[in-house]
2 protein chains.
Amino acid sequence: MTQDKKAQQFGVTPQSVDFNEWYNEVVRKADLADHSPVAGAMVMKPYGSAIWERIQRWLDDEFKATGHESLVFPTLIPMSFITKEADHVEGFAPELFTVNKIGTEVLAEPYVMRPTSETIIGHMWSQWLNSYRDLPFLHYQWGSVFRAELRTKPFLRTSEFYWHEGHTAHADEAEARAEVMAMLNLYHRFCRDVLALPVVRGEKSASERFAGAVATYSIEGMMRDGKALQSGTSHYLGQNFSRAFDVKFQTREQREEYAHTTSWAISSRIIGALIMTHGDDKGLMLPPEIAPHQVVIIPVFRKDNVDQMIAEAEALAGELRAQGVRVKVDKRDGVTNGFKYNDWELKGVPVRMELGPRDLESGVVVVKNRTGDEKETLPRHEAISGMAARLSGIQQFLYDRARAFMQEHTVTVDTYEDFKAAIDAGKWVRAFHCGDADSERQIKEDTKATIRNVPMDGDLFGEAEEGVCVHTGKPSAYGKRVIFGRQY
Amino acid sequence: MTQDKKAQQFGVTPQSVDFNEWYNEVVRKADLADHSPVAGAMVMKPYGSAIWERIQRWLDDEFKATGHESLVFPTLIPMSFITKEADHVEGFAPELFTVNKIGTEVLAEPYVMRPTSETIIGHMWSQWLNSYRDLPFLHYQWGSVFRAELRTKPFLRTSEFYWHEGHTAHADEAEARAEVMAMLNLYHRFCRDVLALPVVRGEKSASERFAGAVATYSIEGMMRDGKALQSGTSHYLGQNFSRAFDVKFQTREQREEYAHTTSWAISSRIIGALIMTHGDDKGLMLPPEIAPHQVVIIPVFRKDNVDQMIAEAEALAGELRAQGVRVKVDKRDGVTNGFKYNDWELKGVPVRMELGPRDLESGVVVVKNRTGDEKETLPRHEAISGMAARLSGIQQFLYDRARAFMQEHTVTVDTYEDFKAAIDAGKWVRAFHCGDADSERQIKEDTKATIRNVPMDGDLFGEAEEGVCVHTGKPSAYGKRVIFGRQY
């Protein structure tokens, strides 16, 4: 490829021109993922995989710290399991991948590739559970699941996607419900502190519940086009699955009782939220906590000093690494500095350092944050000692900016006219709703907007308030306004 | 369950009575894995999963430290890909899981669940590779693969198993072959230093090669019944897959050339090797480097001191953890100390500490190594300060014992009579072989033994030597004796 052609590869369609196209180009050009030859499935490339691994590592440490244990279930599930919980099969049947042959043997009962694992886990739990002393089961697994999708989009909607699924069983409802909220809150903290994503915690309306759940809670983020992205869910399943799979135990009082179960998940679509919450027309913008490289150092080469400048850049990198900073040195020769700047901006590395021969003589380095336009020339020791504060400043800036954006793009309305206008303008709407499923369906037909969730007490948008439904005029069902929006 | 029944659950069939049954009982009773409702697939339970996670973590760090990058490919592969490399399809066709339906749509071309990913990775590489500047590709992924198995056994042979698969592409043969050996050596080091498994490195004979490879290298361990377990493989694939998938690049000299590729893997069957190399009639015996818990502390309860003794045990655990030791405190009430001792011996925890009220008063603790019979009463500070050395002593002991066992159970023979007798006695055999595939097949029919590998120069069993084939009397093909054995 010529230099000119290479330079072109960084150009991305501006968000304001075509947000969808901007997203696709960023995913491809920043080397996050590629299309695969399997319908609807993606290949996560090394840079995307490095981000996903950091997400997994952080969450996994937290799961373990809160007493959860990992295990590994088969990818396949007997078809008969899926049909045991009535709502569950209704929800998932149209999306199933069916295995009908192993080797040369055509199967009497086919298997499905798991769309989620409540059923097979319930089956095993029924064998492992005897007494209240065995509870709680606090289990989770990392893996992928399979759901047919008509229109796919890397990270956001793929026929195979990557996640953890948490599954817990408890002796009573109170403990199970506490687990559901604890995991929702863990997800909220993860989004805020690691991904710099402001999200709204709340309960889903009945028509948006997980297939088979008694209650579903979600965290919802706002993308820069004003659409919502459901970024994690936590379900209270009551005794629905334990009845279907006979997950029962002897209580302290020697009675037989079905366990109360939960499930919860965050998937690889959270990377889509990361891209669409922070990115700009130059590409990705990664929060330092999750960035595979927090700092990239670009040594400035002349013809005769390549090896020396690489050694100097590595020395600088070593000093930063000693402080726990993740640093990449860009050693590529034969491409211009401008090429490298564009490349790392596209990849969203939070801080760039340039180190030239004259900088070396004067004991300075040039520092530029991905979030700003200004280049600073700083004494080397100051650039190093100030790096931790600089990175946490960028982290905070990204969170604050996204939160302000969410607030600015959310409007409170009381008439259906205003409601439709606000949704068409790409906003979230705070409005009263009567709780009627037919009304929700009608609103979705009219506007493509759905209830994202009923925000939690004490959270942003969660104030208690009484009023009448913006659509039917009936009394509000939730004791507060709910969030409506279009969604990914 | 009554106390008596619980006690029974620890008893395992002695190895000398029925090694196979011993293995199955250890897997089940130590909570490593369970059978699943999916034919031939297991469920890895939390204790087994914790061991597998530690294996993954160590290897993953090494892969990254040696410049490899992870990525994530789909679980499915178009059927047409599998048939592109002639040897490959011949090897894998009888074992494939076929997906014929997605949702309600019957597929014109079915997918297979990956038995290994050379084909789909080759397909993507052909799109990513342009110039020699892009090489090498140093890729790997963690995941599971699917191969139909008639007779399955947890960890050793399951229809779905867990692994990493490394895949690399290089500009020339020398670099690719160097990668193949580097990964084989990494596996050797991992087995030696982490799992305390002595293994023999060497090349496979032509008839035991991976389907589609130019050369296959393996590490082979010896189980306590004298059988071999292939514990890892590293393949030089030449240009076979790059020709089949058009993985070509422009050389520095502007010529077009096919890449030289490699692949390599260690799977969850290595946990089978861990069980069968170190275990005894009490159960598992885990090397400290891989053990999820290196030390278990058993506080000795009277009726009135449960909370106090738990607090004291936690304090002791804290002091050990401060030194980087992984410690579990067994807080269970309502089971006897003997029950706990048996439980943790079954689970193979390297060191047990008992802490009773009188020990507390005298400032001592009771310490027992899983590898010995002796209980030591030690001053508390001495037990703590000596723990690191104790653990590395156990690690070394396990390795040395297994290596001595391997040497004692390997015999050098020059006649086919001696060969058959030694194999029947459960030994490995060092013998000359002519390299003829028909002869290998005949030996396998006669004795169930195969060539495990041709040991590397400079390694145990790898001495250069000339002679005539133990089976055909023709000249030796390998310049040394090869290892024959029955295998898992």
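Naming: A, B, ... by sequence-line order, numbering from 1 per chain. The shown structure was predicted, so the numbers you read here are calculated from the model rather than taken from an experiment.
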May I have the step-by-step check of side chain to side chain contact (heavy atoms under 4.5 Å, CB included) for B/I120 and A/V38, ending in yes or no? CA-CA 9 Å; B/I120 192 167; A/V38 177; 4.1 Å; yes
Given side chain to side chain contact (heavy atoms under 4.5 Å, CB included), test A/H35 with B/Q127 step by step and report yes or no.
CA-CA 11 Å; A/H35 296 285; B/Q127 298 178 26; over 6 Å; no
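Heavy-atom distances place both the backbone and the side chain of B/F97 under 4.5 Å from chain A. At a 4.5 Å heavy-atom cutoff, the contact between B/L76 and chain A is made by backbone and side-chain atoms alike. Looking at B/R332, there are no atoms closer than 4.5 Å to chain A (heavy atoms on both sides), in backbone or side chain. For B/W52, no part sits under 4.5 Å from any heavy atom of chain A, backbone or side chain. Interface residue A/F81: only side-chain heavy atoms are found under 4.5 Å from chain B. The contact between B/Y162 and chain A is made entirely by side chain atoms (from C-beta outward), counting heavy-atom distances below 4.5 Å. Within the 4.5 angstrom heavy-atom criterion, atoms from both the backbone and the side chain of B/P37 approach chain A. For chain B, the nearby part of A/H139 is the side chain; its heavy atoms alone come within less than 4.5 Å.
Between A/M113 and B/M113, some side-chain heavy-atom pair lies under the 4.5 Å cut-off. Using a 4.5 Å heavy-atom cutoff, the side chains of A/L71 and B/K45 are not in contact.
Considering only heavy-atom pairs separated by less than 4.5 Å from chain A, the leading option among B/I77, B/N100, B/D60 is B/N100. Among A/D34, A/T158, A/T104, the residue with the largest count of heavy-atom pairs under 4.5 Å with chain B is A/D34. Contacts with chain B were tallied for A/V72, A/V99, A/I102; A/V72 has the most, counting heavy-atom pairs under 4.5 Å. Looking only at heavy-atom pairs under 4.5 Å with chain A, the residue among B/A41, B/A33, B/P74 that has the most is B/P74.
In terms of modelled atom types and a separation under 3.5 Å, the side chain of B/E160 and the main chain of A/T75 share a donor-acceptor contact.
Here CD of B/E105 is found 11.5 Å from OG1 of A/T98. Values are rounded to the nearest 0.5 Å.
In this structure, a donor-acceptor pair under 3.5 Å is present between the side chains of B/E53 and A/S70.
More than 12 heavy-atom neighbours from other residues, nucleotides or ligands sit within 6.0 angstrom of NZ on A/K153. At most 12 heavy atoms of other shown residues, nucleotides or ligands fall within 6.0 angstrom of atom CZ in A/R133.
Of residues 140-149 of chain A, those residues with a non-hydrogen atom less than 4.5 Å from any non-hydrogen atom of chain B are, in numerical order, A/Y140, A/S144, A/F146, A/A148.
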